[in-house]
Structure formats: structure tokens, C-alpha cells
Amino acid sequence: MKKQAIIWWGTFNFQENKPRFWEIGALLLGIERQPQEWRIASNSSDDLEQNNIQVGVEKSPPFPNDLLEFKRFLFHQTSSTITLTPILADRAQVSHADTAFYLPPNQEATIYVSSPVWVRIETGNPKNTLLEIPVVRQSDTWHGPNTLEGDLCYASRTFCRTDLESLPVRSHRVITPVIIYNHSKSPLLIEQLSLPLPYLSIYVDANGGLWTEELVIKNEINYKHTVKQGKGAPHIAKDANLISAPRLSLKGMNFISMFYSLLSE
């Protein structure tokens with residue numbers, strides 16, 4: 001049985017002048033309510049192995065100011081609550097495999113790709129978004145057929161697995177199942193995958209694990225491939241519920257033309 005993940009998101013009540021502290025993987029987050037302002041201090045590193053979780057601990061001061069980016073948000077009168085929500089990144093993510101692998105002709109494989117989430121911070125009714133902060137600071141990379149056509153993406157060291165049981169449940173990372181069919185007559189080399197994160201939703205399963213819709217890639221005989229995005233949570237995510245909608249809509253747009261090749265070029 002999968003271990004239950006710690007739930008760090010939700011709506012939290014704040015008393016004035018009593019800061020609360022979160023540690024979400026590589027992100028340190030401190031929030032303080034004043035009568036007419038919210039103060040938010042944060043710092044995220046590039047440490048992908050950091051898995052600590054602390055949720056809303058009262059701590060004054062939250063942590064040393066010299067380590068953090070500090071921001072203030074002014075209101076006529078502050079609400080008593082803050083809502084934290086896991087969301088996906090604002091760009092596609094290119095995940096590189098440590099070791100390239102081949103998919104022989106007429107074979108299929110499912111790869112589970114893990115991506116770090118961002119945290120959306122909101123207050124009030126209706127909600128005002130104060131900040132969106134990445135849990136992990138990722139480097140930039142270019143993905144496209146050449147230097148003139150393509151997209152600026154985030155680069156990620158591989159968190160790809162073919163065995164789901166080897167991928168731990170972490171409440172600050174979201175899993176995307178990628179199903180690949182090779183209908184060509186030659187082995188398909190897979191070195192990297194580009195995930196269109198702004199167009200995907202986040203679902204939470206019964207164990208607190210986070211999932212996106214599945215992606216289905218079909219490599220055809222002419223070496224072109226088609227991509228289809230699933231509807232709703234993947235079937236493997238038991239009792240999953242929607243927790244955040246996509247940033248962008250695919251309605252009326254050609255999925256594959258936006259991302260060129262989700263597989264390696």
C-alpha cells in the first residue's frame with residue numbers, strides 16, 4: 001500500500017501578528033497577517049531531493065529574513081484566511097532521461113513522469129491571487145525544431161519511471177502517465193519528454209498523491225507522431241478529485257503544433 005502523503009494545501013485561518021510557516025519540499029514559506037497587509041517571505045532552491053513537509057506551523061519570526069524574498073500586499077482590511085493550492089508550472093517541462101531507451105516496433109510502454117508543483121497563494125472572497133511560487137527552482141531550456149521555432153521551457157532531471165511502485169507519493173510533485181505506441185518499423189529512441197504543463201489539470205487521489213491527465217503518443221510509420229490528452233484523472237489514480245484547473249485551454253488549438261515534438265528531436 002502506498003504511504004499517505006501529507007496534505008499541505010487548503011484554507012488556513014490567521015490571527016493578526018501571528019506568522020505561520022510551511023516547508024514544501026525545497027520551498028520555505030512564511031505568511032503573516034497584519035490589519036491592513038499580508039506579508040509573505042519565501043525561498044525555493046534547486047534541490048530536487050528535498051522532501052520535508054511542514055504545514056502552517058506558528059513561528060515568530062518564521063525564519064531569517066536574509067534568506068528570503070520578502071513581499072507585502074496592502075488591503076483596506078485583511079481577510080482572516082489564506083488559501084494555498086498546488087498548480088502546474090507556467091511553461092512546458094522538458095524531462096531528460098538519465099539513460100536513453102528504445103521502444104521496439106509494434107510495442108507500447110507507459111512512462112510515469114514526475115514534475116514539481118507551484119503554490120498559488122490567495123485571500124479574500126472573491127479570491128485575490130497574491131503570489132505563485134515554484135516549489136523547486138528549475139533552469140531554462142529551449143525546445144523546438146530550431147532556434148527560431150520553439151518554446152522556452154523548464155528543464156528537469158529525470159523523474160521518469162516505468163514501474164509506478166518505484167515512484168514515491170510526494171505531495172509536492174505531480175505524476176503524468178505518458179503512454180507511447182510505436183507503430184513504425186524501426187525502434188523509437190526516447191531521450192526526453194516535453195510535458196505541456198500549462199494545459200494540464202491537477203487531481204488528488206485517496207492517498208494524497210497528485211496526478212495530471214494522461215498523454216497518449218503514437219509514433220506512426222512515417223515517423224510523425226500524434227498526441228492525445230486524456231479527459232479527467234487517469235484510471236490508476238483511485239478516487240481522484242480535481243484540485244486545480246489548467247492555466248490555458250486547448251479548445252480550438254492543435255495540440256501537437258504547439259509543442260512540436262513531445263519526444264526527443
Side-chain angles (χ1 to χ4, degrees), residues 48 88-89 91-116 138 141-169 173-203 205 209-238 240 246 248 250-265:
L48 293 173
L88 288 169
R91 301 181 200 159
Q93 173 185 282
V94 178
S95 296
H96 299 269
D98 288 333
T99 303
F101 53 94
Y102 291 88
L103 186 63
N106 302 313
Q107 294 295 314
E108 66 177 85
T110 300
I111 302 171
Y112 299 96
V113 186
S114 175
S115 309
Q138 295 180 281
T141 189
W142 184 260
H143 184 69
N146 53 57
T147 57
L148 298 178
E149 297 178 276
D151 292 287
L152 185 63
C153 303
Y154 294 114
S156 176
R157 298 200 304 273
T158 182
F159 272 82
C160 305
R161 299 286 190 275
T162 54
D163 176 19
L164 183 60
E165 292 301 316
S166 68
L167 200 60
V169 176
R173 300 190 68 90
V174 60
I175 299 172
T176 302
V178 182
I179 305 169
I180 305 174
Y181 296 88
N182 185 14
H183 296 314
S184 72
K185 297 181 180 180
S186 303
L188 175 65
L189 174 62
I190 303 173
E191 297 179 287
Q192 66 182 30
L193 289 168
S194 175
L195 299 184
L197 297 181
Y199 296 86
L200 301 178
S201 309
I202 296 182
Y203 301 85
D205 68 17
L210 300 178
W211 299 82
T212 75
E213 299 90 343
E214 67 183 18
L215 297 175
V216 179
I217 303 174
K218 294 183 179 181
N219 187 55
E220 305 297 347
I221 293 177
N222 58 3
Y223 297 102
K224 300 294 183 179
H225 63 264
T226 60
V227 181
K228 182 179 179 181
Q229 178 178 321
K231 294 183 179 180
H235 70 277
I236 200 168
K238 302 301 182 184
L248 301 173
L250 281 170
K251 186 176 181 180
M253 304 182 75
N254 186 321
F255 192 90
I256 192 60
S257 68
M258 289 185 295
F259 297 99
Y260 305 97
S261 173
L262 298 193
L263 297 170
S264 54
E265 295 289 342

List the steps and the verdict of side-chain contact (heavy atoms from CB on, under 4.5 Å) for Trp211 and Thr176.
CA-CA 6 Å; Trp211 299 82; Thr176 302; over 6 Å; no
[X] side, atom [atom1]; [Y] side, atom [atom2] - distance, nearest 0.5 Å:
X      : Y      : atom1 : atom2 : result
Tyr154 : Leu197 : OH    : CG    : 10.0 Å
Leu210 : Asp205 : CG    : CG    : 8.0 Å
Leu88  : Ile202 : CG    : CD1   : 4.0 Å
Ile217 : Ile111 : CD1   : CD1   : 8.0 Å
Glu214 : Ile179 : CD    : CD1   : 4.0 Å

If you define the side chain from C-beta out and look only at heavy atoms, does anything of [X] sit under 4.5 Å from [Y]?
X      : Y      : answer
Phe101 : Glu191 : no
Leu103 : Pro187 : no
Ser184 : Asn219 : yes
Leu200 : Leu215 : yes

side-chain contact (heavy atoms from CB on, under 4.5 Å), that's the test. Do Asn182 and Ile180 meet it? Break it down for me.
CA-CA 7 Å; Asn182 185 14; Ile180 305 174; 5.7 Å; no
Taking all non-hydrogen atoms of both residues into account, name the closest pair between [X] and [Y] and its distance.
X      : Y      : value
Ala92  : Ser194 : CB-OG, 4.0 Å
Ile175 : Pro177 : O-CD, 3.8 Å
Thr226 : Glu220 : OG1-OE2, 4.1 Å
Gly232 : Tyr203 : CA-OH, 3.3 Å

Side-chain H-bond candidate by donor/acceptor type, Ser201 with Glu213, under 3.5 Å:
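Yes, Glu213 and Ser201 have a side-chain donor paired with an acceptor closer than 3.5 Å.
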May I ask you to check whether Gln93 and Gln138 show a side-chain donor-acceptor distance below 3.5 Å?
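Judged by distance alone, the side chains do pair up.
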Evaluate side-chain contact (heavy atoms from CB on, under 4.5 Å) for Val178 paired with Leu195, printing each intermediate quantity in order.
CA-CA 9 Å; Val178 182; Leu195 299 184; 4.0 Å; yes
For the backbone of Ser114 and the side chain of Arg173, can you confirm whether one donor and one acceptor N or O come within less than 3.5 Å of each other?
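It does hold such a pair.
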Which residues pass the side chain to side chain contact (heavy atoms under 4.5 Å, CB included) test with Glu108, sequence neighbours left out?
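Glu108 satisfies side chain to side chain contact (heavy atoms under 4.5 Å, CB included) with Tyr181 only.
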